[in-house]
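First the structure, in the form of structure tokens, and then the observations on it.
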Amino acid sequence: MVGAGGDGIVTMGDILSQAGARDGLNVIKTEAYGPQIRGGESSCVVRLSPDAIYEQGDAVDVLTVFSWADFGRFKGEVQPAPNAVVLFDEADPVARTKEDLGLGADAHWIAVPFSKLAGDAGAKGSKNVVGLGVLTALVGLPQATIRRAIEKRFGRKKAAVGELALKAFDAGMLHGATLASLKDRGITFTPGSAKLLMSGNEASALGALHAGCRFFAGYPITPSTEILQFAEEWLPKMGGSVVQTEDELAAIGAVVGASFAGVKSMTATSGPGLSLMTEMLGLATMAEVPCVVVDVQRGGPSTGLPTKSEQSDLWQAVFAGHGDAPRVVIAASDVEDCFHATVEAFNISEEFQLPVIVLTDQSVGQRRETLDPARLVHKVIDRAVPTAAELADYKRYRDTPEGFSPMSVPGMKGGIYQTNGLEHDEEGRPASMHVVHEKMNDKRYRKLKPIREKYTRVRRFGPEKADLGIVCWGSSKGAVKEALLMAEERGQKVAAFIPDMIFPFPVKALEEFLKSVKQVLVIEISFAAQFYKYLRTFTTLPENTLLFKRSGGKNLTISEVDDQIRTFFAKSGDRQKGAA
Amino acid sequence: MVGAGGDGIVTMGDILSQAGARDGLNVIKTEAYGPQIRGGESSCVVRLSPDAIYEQGDAVDVLTVFSWADFGRFKGEVQPAPNAVVLFDEADPVARTKEDLGLGADAHWIAVPFSKLAGDAGAKGSKNVVGLGVLTALVGLPQATIRRAIEKRFGRKKAAVGELALKAFDAGMLHGATLASLKDRGITFTPGSAKLLMSGNEASALGALHAGCRFFAGYPITPSTEILQFAEEWLPKMGGSVVQTEDELAAIGAVVGASFAGVKSMTATSGPGLSLMTEMLGLATMAEVPCVVVDVQRGGPSTGLPTKSEQSDLWQAVFAGHGDAPRVVIAASDVEDCFHATVEAFNISEEFQLPVIVLTDQSVGQRRETLDPARLVHKVIDRAVPTAAELADYKRYRDTPEGFSPMSVPGMKGGIYQTNGLEHDEEGRPASMHVVHEKMNDKRYRKLKPIREKYTRVRRFGPEKADLGIVCWGSSKGAVKEALLMAEERGQKVAAFIPDMIFPFPVKALEEFLKSVKQVLVIEISFAAQFYKYLRTFTTLPENTLLFKRSGGKNLTISEVDDQIRTFFAKSGDRQKGAA
Amino acid sequence: MSAAPPVLPAYVPGDYKTDLKPVWCPGCGDFGVLTALYRAMAELQLTPELTAVVSGIGCSSRLPGYVETYGFNTVHGRALPLATGVAVSRPDVKVIAVGGDGDGLAIGGNHFMHSARRNLDVTYILMDNEIYGLTKGQVAPTTPTGDKTKTTHYGNPEPAVDPCELAVSFGATWVGRAFSGDLKGTVELIVKALQHRGFAFLNVMSPCVTWRGDDQFKTLKAKARPIPAGHDTSSRAEAMKYTRETDVLSTGVLYEVKTPSLNDRLDTIKKTALAGGPSATVPGIIKTFLPSF
Amino acid sequence: MSAAPPVLPAYVPGDYKTDLKPVWCPGCGDFGVLTALYRAMAELQLTPELTAVVSGIGCSSRLPGYVETYGFNTVHGRALPLATGVAVSRPDVKVIAVGGDGDGLAIGGNHFMHSARRNLDVTYILMDNEIYGLTKGQVAPTTPTGDKTKTTHYGNPEPAVDPCELAVSFGATWVGRAFSGDLKGTVELIVKALQHRGFAFLNVMSPCVTWRGDDQFKTLKAKARPIPAGHDTSSRAEAMKYTRETDVLSTGVLYEVKTPSLNDRLDTIKKTALAGGPSATVPGIIKTFLPSF
Ligand SMILES: Cc1ncc(C[n+]2csc(CCOP(=O)(O)OP(=O)(O)O)c2C)c(N)n1
Ligand SMILES: Cc1ncc(C[n+]2csc(CCOP(=O)(O)OP(=O)(O)O)c2C)c(N)n1
Ligand code: SF4
Ligand code: SF4
Ligand SMILES: [Mg+2]
Ligand SMILES: [Mg+2]
């Protein structure tokens, strides 16, 4: 659906996706806007399916356009399938043809009097609802549910408004009925139990609450702000507190302070904010204070592409910071995963007393996806506090086999200690001798071993032995999974390795995977190939490893992955022929 | 020389090193202090030699101790050679023996009435000058020059003071003459023409002035502050300006602003400051504004070890920053090199319009070394500004084969442009489309190719073909070079590869080096092995590559390198026996 | 510092306009500020190529893209550090810094303090809409206590600051307040601010129609009234009287003193440093490192 | 907030002393502040395990290491953000933030502004020696114009700020000035600051004998005199009279108002949020994401 500001595109998408979720369909919805802060063009893509879906999908089967002029502004972003059903406003001053959109013969090109119908229904502004009506009748959508959704949405404030909207919907339905039915182009399904409809940012925030986070400090930044907003609304209802700080330096500082005080804490930001947090993360590592930072990646460098996705904060997350400063980095690959990754981040951070960064990105953070409520459960681990016995002779930084030691919190009588960001001894006293530094560096890095052993979340898809093995991370998962299914149908053996743990990396698992595939293809959305180069720091990739990388600003598409796979098999096919 | 606060250890070292420099000797001098902000113990090591020297040296040949208690506080930092000549104050309440210091039979253990002689000379506070006198007579130092140095130092304000000091010196000489001469333990040389005596930080600042830097903004931080102080004193005398900003965010911001205005600019800092500059460096990359940052590394993470050296800011310099943000990183390996690296940094930054970071460290930045004035010359390159023709149809970010385009500056009528940190097109207009982002990323990264081709400064030492090839960087050079000489004497074939260009890295040169040696040994002062892992990102090191890495807080010693070399040959010897 | 107005060509407001279309929402107060700036620049005949407009990040910070001078829309909160570099390294360039309340008072607050303290040769125009506009409506340091925003569901628990009061305490040597709904008044004040030598701070109340609704404009319009004639602009205590206002919005010059600007002082330093002698050369400096005895 | 003084044990100043020897130079003014703090804490019988002392980096910021409470010597300029986290997340803990003029007014200036604006439940003691001590003597935001330091060879070209004037304009609800050479007076003021609910700012002039010489102590001692009785501490304009002083150093309480502290306000928010109902649970929140029609 594409239209101008005021056409209600977003509302149209909301109603459609809510209705889908209500009937237990799988839904993924994304929105896009023009540069205008408000009143500019907007587009919304909703994918509905009774089967599992992992990506927004490259091409839309049904396209509704209220304004061809605005459609042009989303060139390359909203792509109709060759056989798409295209509905457009007959009153649109701009004219387009099937050919202009490069559609095939089997595409359906339907002019609809959207504006007129809305006007007749006495609700000029309701082109979007009329559109819903036409679609419902034409391709067969859950009519009853959509009606209820409309009622809820518009009737909320004034019942009359709701009724008007329903009138517009019915008008659309009636018109749709006059058109040759295209039910085959719609979806057939039996309504199931309702699903949650949630964005990745909401899932991250929810994960934090579930993990026991009771202090959140943050500074707004696109595309992460929803996490701050969610926390600000819900934490007070759970006895927690939120501070919108003056900047990101203060946000991460307050988080470290609250955690020092014994309260699970986190912040959320995007690239520019993460860069500003670099120094304070070093303090958290040095003073061994747990803290969680969610970084919703956007296009960089600098202010870059604030509203678009990219996977280019990897190096910043793993390597940034002066000195040798170990911290953990976890990636989230879809909406549900944002929940689990955040809980995991708290578990690791609290157990091992070091900062944990969760990398998500705009595509996962801001898209809405249906989830099964039953899956939003995750074990929660709490920080080890000293026992009475341990308090008897307490050393904050006691050098233990696992590298971390019980952390006392204000209120514990015997647990009083003074700490700092200087190198220090087991008691926390400043010490600048090489021997102490070596010993404490060793202590801080020693934690990585148990973490690596205990947290090995990796995903492996595809056959046990494969001709092509794709290694990627984060939001690339969706497109890769769908491409894998397509390859499977073609009988091509392709597997994928997608780690949740970025640092410390599950090296063993990766090396087993490398052994299980004939050739490796690394895929990432980073011009500098940050993931590929990062992999090289700890593992030796086969000589013939392939790399597909590009800048962000556009999510990885299924067809990009599919092309890579096809080309690979085409080539290897040639090689075999050659060999034969 | 070791003593308590007030013993004048530092002055003693100054006079000795100045006299050495005056007579054309090669001098390296380092100082160390206790945790006390003032009045604490202090030590000073001066190495004098007619031959070239590259390091402070591990063990001192002549040790003067005014207080054994304070000597103890420098355990492991000031180490007498087994056969050292040791002078100590007979009045010292604390007693030590040869054995306590683990000295050999051929060591000389001499009690001297320092305090008494000083008192008798009527200058109680002049133990240090008395000490100089004793040393001069005992091991034979350039007497006349030292006298003049003393006169200059103390006579500056009041002639009388100078005379008193000389009296104390003579008293020391007389006493020294009564002792069995140890001239063989001193140095024999013919005075040459005077050399410069300069610290690495001074050399960096000087390099900046030479390169044409006329704006400096900085915030004090140990161990880099001398650069700010030097700039603040000298830039006004050259028509330039210095601002001590409120923090490092402002410092790098002002530098980028001044450079945008067309003035060569730089800042200097250490780890914590560099971490705070992370975001602004991204803007410099995105808006393609030249700027130079000198990072004098200290022990980290966080506040860490502010007064001690480490090589652990490498990842921060190369990888920090959200998004794909290319910038250049250069390392300086000794005092003279601080000059050249800084000029080179300006040349690259101004020619290619991107930020350049110069990595030095506390050991190089704060030690004083003699230099041949004739060597402080370096070609200077200026920024390309648009010609009248180019201004006719000016595009600030015109997409050129080399990736950079002429940069206009305020005052140029046709050169007016508006820029930003958002992704932008060739005119600098904000653009968030993927295609533009891909194109401009490519433009910004394209600069690395000409840089890599044009700036290939690497150092290679040792035989063309070697059994062992050491790869290290920065201040490790000194110890490695001296260890190489020792190996050579033993007839062991050891070569070393020490790059000045860290990013983009001289990969070709490295790979040739790898081919030229049987086995590789990487040496660095970083617990996390930042250099070793960084090398892996772009080159495949041989399976059997050896790594020697440790935390900082203590400079790399010649014997550490020597031990590595000996062990290697011992082992390989065994292997050969085994083979035989 | 401001270049002497050239005799020819005479610039008209339109000459300072770029052909980039503002991304601002229809009705945004920032349009008023932009128009006022064009007029003020024309009134003073600022030479475009000798003028630089620097900003941070925010809706308001997009402004430099619309002004035909050297312009830099930098990163969030750092407009003044960048402006410092331009102003100090190029005293011949007239430097104007602009931005929002979040940019200048939240993340950039410290630079505001120190730029004012130094009496930096910069005119700083803050477009105060009492909200974070670009990020879609979160609380700002100037949002009144109790107001509901995207990040204050239960009403803003925090007191607001008065940017003009801050500027005075920071040591700004010229402090004014304007309302972008009053074009004429805003032009006048921008002209005065640009004419001041040293750090001039002008807080322009510039409504955000999207996240503060139409009420904001209405209430501001209702409250706005010029500072009574006879106000002693040289007294900090007197200036206080027109800060932390609730029922009125006093527009005009709150405070003004004449003291040497940062560039004046740095000039003096260069003179003292040279003490009449020739300027230093690198070879000359190198010599000072030779032991001379 | 400060824990109610326990009946037993009665703490004596020495109980708040750790056995870490201060690294300060002999004669450093910070010794006076430390001693005064011990006495003030004892006078109020602060419970050590329910007290946290937080600082940034600097000579003065080493102080937490010498106080037997939970202590955190953090990074340069960030004492107040860390203190914010402790104070807001643990309202039962008494939080004291300390640091130097460079730490709190240069790199940390913005946090000072916003902590004061929020009326954060923290007592902030700034040890003002008009210099960067730890880094060996560079100019600070409180160094008088014209003074020579390691980074002002030709005399400091920049005007100084008055930390107390800043605090008032930021919205601090308690502002005082002390001189560490006057132990009794400093103890009294620290006690008052600790008793204040909300953000209390105490600027203690604390000489740096090493980089400001002995004169600094002498001049301060000569200038110091208590604010005249009858001073109206509720008026910003009156407080101004005791700021930017040159010939005298007025010690005492400059400004004091009683308004709800940040924690008071956040408390109210929690009540409103729950509106009498039970607190939210994660499963409950999850349900709100189910389409309900
Ligand atoms: C380091 C950093 N943090 C956060 C952001 C996100 N951000 C962009 S503009 C802005 C604030 C906008 O408010 P204001 O400065 O008042 O400008 P306005 O849009 O209201 O004119 C924020 C928080 C950013 N771009 N960079
Ligand atoms: C990010 C960062 N920048 C700079 C420094 C270096 N530094 C340490 S303390 C200090 C200032 C000390 O002055 P002040 O805060 O007044 O404390 P004082 O030593 O005078 O008590 C500076 C600049 C640092 N540690 N971290
Ligand atoms: S969001 Fe507000 S401030 Fe931003 S452009 Fe729209 S009206 Fe103006
Ligand atoms: S340097 Fe100054 S401030 Fe620091 S301890 Fe010494 S006297 Fe105190
Ligand atoms: Mg705003
Ligand atoms: Mg200080």
Next item on the list: Using a cut-off of under 4.5 Å on heavy-atom pairs, state which of B/Gly273, B/Gly321, B/Gly553 scores highest against chain A.
Entry: B/Gly321
Check: Looking at A/Thr540, A/Val435, A/Val318, which makes the most heavy-atom pairs under 4.5 Å with chain B?
Finding: A/Thr540
Item checked: Selection from A/Pro272, A/Gly271, A/Ala528, A/Gly552 maximising heavy-atom pairs under 4.5 Å formed with chain B -> A/Pro272
Next item on the list: Identify the two heavy atoms, one from A/Asn441 and one from B/Glu310, that lie closest to each other, and give their separation to 0.1 Å.
Entry: ND2-OE2, 4.5 Å
Check: Among side-chain atoms of A/Ser526 and B/Asp324, is any donor-acceptor pair under 3.5 angstrom?
Finding: yes
Margin query: Quick one, A/Pro306 and B/Leu422 - any side-chain contact, counting heavy atoms below 4.5 Å?
Written below: yes
Next item on the list: Determine the option with the most heavy-atom pairs under 4.5 angstrom with chain B, choosing from A/Lys554, A/Gln297, A/Glu438, A/Met286.
Entry: A/Glu438
Note to self: Parallel, tilted or perpendicular, judged at 30° and 60°: which one describes the rings of B/Tyr445 and A/Phe527?
What the structure shows: tilted
Check: So which part of B/Leu249 gets closer than 4.5 Å to some heavy atom of chain A, the side chain, the backbone, both or neither?
Finding: side chain
Next item on the list: Answer yes or no: is there a side-chain heavy-atom contact under 4.5 Å between A/His434 and B/Arg550?
Entry: yes
Margin query: Under 4.5 Å from any heavy atom of chain A, what part of B/Asn420 do you find: side chain, backbone, both or neither?
Written below: neither
Note to self: For B/Glu279, which atoms come within 4.5 Å of any heavy atom of chain A: side chain, backbone, both, or neither?
What the structure shows: both
Check: Would B/Ser551 and A/His437 count as having a side-chain donor-acceptor pair, cut-off 3.5 Å?
Finding: no
Notebook entry, point to check: If you count heavy-atom pairs under 4.5 Å between each of B/Leu281, B/Thr539, B/Thr307 and chain A, which one has the most?
Noted result: B/Thr539
Notebook entry, point to check: Given side chains that start at C-beta, do those of A/His322 and B/Ser312 come closer than 4.5 Å, heavy atoms only?
Noted result: no
Notebook entry, point to check: With a 4.5 angstrom heavy-atom cut-off, which part of B/Phe538 approaches chain A: side chain, backbone, both or neither?
Noted result: backbone
Check: About how many Å separate OG of A/Ser302 and NE2 of B/His424, when rounded to the nearest 0.5 Å?
Finding: 9.5 Å
Notebook entry, point to check: Atom CZ of A/Arg536 and atom OH of B/Tyr534: how far apart are they, to the nearest 0.5 Å?
Noted result: 12.0 Å
Check: Of all of A/Phe319, A/Trp315, A/Tyr532, which one pairs up most often with chain B through heavy atoms under 4.5 Å apart?
Finding: A/Phe319
Next item on the list: Work out which heavy atom in B/Ala320 is nearest to a heavy atom in A/Ala320; give both atom names and the distance.
Entry: CB-CB, 3.9 Å
Next item on the list: Look at B/Leu535, B/Leu274, B/Asp442, B/Thr285 and state which one has the largest set of heavy-atom pairs under 4.5 Å with chain A.
Entry: B/Asp442
Note to self: I'd like to know if the side chain of A/Ser432 reaches the main chain of B/Leu305, judged simply by a donor and an acceptor atom lying under 3.5 Å from each other, with no hydrogens or angles considered.
What the structure shows: no
Item checked: B/Lys308 versus chain A, the contacting section by heavy-atom distance below 4.5 Å -> side chain
Check: If you count heavy-atom pairs under 4.5 Å with chain A, which of B/Gly304, B/Ala325, B/Gly300, B/Gly282 comes out on top?
Finding: B/Gly304
Margin query: Counting only non-hydrogen atoms closer than 4.5 Å, does B/Arg444 touch chain A with its backbone (N, CA, C, O), its side chain (CB onward), both, or neither?
Written below: side chain
